[in-house]
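Down below is the structure, laid out as structure tokens.
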Amino acid sequence: MAGARAALKAAGHKADVVTVPGALEIPAAIALADQDGSYDGYVAIGVVIRGETYHFEIVAGESARGIMALTMDGLPIGNGILTVENEAQAIVRADPAQKDKGGEAAKAAIALYELKKKWGD
């Protein structure tokens, strides 16, 4: 989240943080928030760590599918949901001083927002 916040602030945007129970709930939360009309774009931040069962595949795939469906409907969303093997990988990818995937997701949301402004609804 630190990387996303920094990228949004650097671009002159404000942000609210909404917490949900898990990655599967992120697309639903975005869809619900969009009904309000108060937000210009969204940054999905989360992590799915592989466990011992096939559940990892379902959660990773379905959360990505849900976000992509919303994006294809015209919502500017940067997908920062990490899918990793372990906590160490998550830390490297999330750390703004390393891979900064949160910052990348925020920049993607901003880029899509700018395209939406250019081409209209």
Side-chain angles (χ1 to χ4, degrees):
M1 285 183 41
R5 284 183 177 160
L8 292 168
K9 183 177 179 182
H13 297 283
K14 299 182 295 180
D16 289 336
V17 175
V18 176
T19 303
V20 296
L24 285 175
E25 290 77 29
I26 293 172
I30 291 170
L32 290 169
D34 196 61
Q35 291 176 5
D36 181 76
S38 297
Y39 299 99
D40 295 322
Y42 305 90
V43 183
I45 301 287
V47 63
V48 182
I49 300 175
R50 185 181 301 279
E52 297 175 2
T53 68
Y54 185 70
H55 186 67
F56 168 87
E57 304 290 338
I58 294 169
V59 173
E62 290 301 309
S63 64
R65 185 195 60 76
I67 289 171
M68 183 55 67
L70 293 169
T71 302
M72 297 301 290
D73 284 342
L75 298 187
I77 304 171
N79 187 349
I81 300 177
L82 305 177
T83 53
V84 298
E85 297 293 328
N86 54 54
E87 184 179 358
Q89 287 180 351
I91 290 169
V92 168
R93 285 165 177 75
D95 185 354
Q98 295 182 62
K99 298 214 178 230
D100 193 21
K101 295 299 181 180
E104 289 179 12
K107 291 173 186 173
I110 293 167
L112 290 171
Y113 167 69
E114 292 298 329
L115 288 175
K116 186 174 181 175
K117 283 191 340 187
K118 177 181 178 179
W119 291 321
D121 288 327

- prompt: How long is the gap from CD1 on Ile81 to CG on Leu24, to the nearest 0.5 Å?
  reply: 8.5 Å
message: Show the nearest heavy-atom pair for residues His13 and Tyr113, with the distance to one decimal.
response: CE1-CE2, 4.1 Å
field: Ile110 CD1 to Leu115 CG distance, which is reported to the nearest 0.5 Å
entry: 12.5 Å
statement: Value for CE (Met1) from OG1 (Thr19), rounded to nearest 0.5 Å, stands at 6.5 Å
field: Minimal non-hydrogen separation, Ala108 against Gly78, with atom names
entry: CB-CA, 4.2 Å
message: If the condition is side-chain contact (heavy atoms from CB on, under 4.5 Å), which residues does Ile58 pass it with, not counting sequence neighbours?
response: Tyr54, Glu62
query: Would Tyr39 and Leu75 show up in the same hydrophobic cluster when neighbours are defined by side-chain heavy atoms closer than 4.5 Å?
result: yes
Note: Glu104-Lys107 ion pair, threshold 4.0 Å (strictly below): no
Any donor-acceptor N/O pair, Arg93 side chain to Gln89 backbone, under 3.5 Å: yes
task: Using atom types as modelled and distance alone, determine if a side-chain donor or acceptor of Tyr42 lies under 3.5 Å from a backbone N or O of Ala29.
output: no
message: What's the separation between atom OG1 in Thr71 and atom CG in Leu112, rounded to the nearest 0.5 Å?
response: 6.5 Å
Joint cluster assignment, Val20 & Val17, ILVMFWY side-chain distance < 4.5 Å: no
task: Identify whether Ile30 and Val59 are in the same connected component of the hydrophobic contact network (ILVMFWY, side-chain heavy atoms under 4.5 Å).
output: yes
query: Sub-3.5 Å donor-acceptor pair from the side chain of Glu25 to the main-chain atoms of Gly22, do we have one?
result: yes
Approximate separation, where rounding is to 0.5 Å, of Ile49 CD1 and Leu82 CG: 9.0 Å
- line: Here the pair of heavy atoms bringing Pro96 nearest to Ala2 is CG-CB, 4.0 Å
message: Minimum heavy-atom separation for Ala15 and Leu8, please, with both atom names.
response: CB-CD1, 3.8 Å
field: Heavy-atom pair of closest approach, residues Ala44 and Ile67
entry: CB-CD1, 3.5 Å
- request: List the atom of Ser63, the atom of Pro27, and the distance in Å for their closest heavy-atom pair.
  value: O-CG, 3.6 Å
statement: Rounded to the nearest 0.5 Å, the CD1 atom of Ile77 sits from the CD1 atom of Ile26 at a distance of 10.5 Å
message: Looking at Glu87, I'd like to know if its CD atom is crowded, meaning that more than 12 non-hydrogen atoms belonging to other residues, nucleotides or ligands lie closer than 6.0 Å.
response: no
message: Please tell me whether Met72 and Leu70 are part of a single hydrophobic cluster in this structure, the criterion being side-chain heavy atoms less than 4.5 Å apart.
response: no
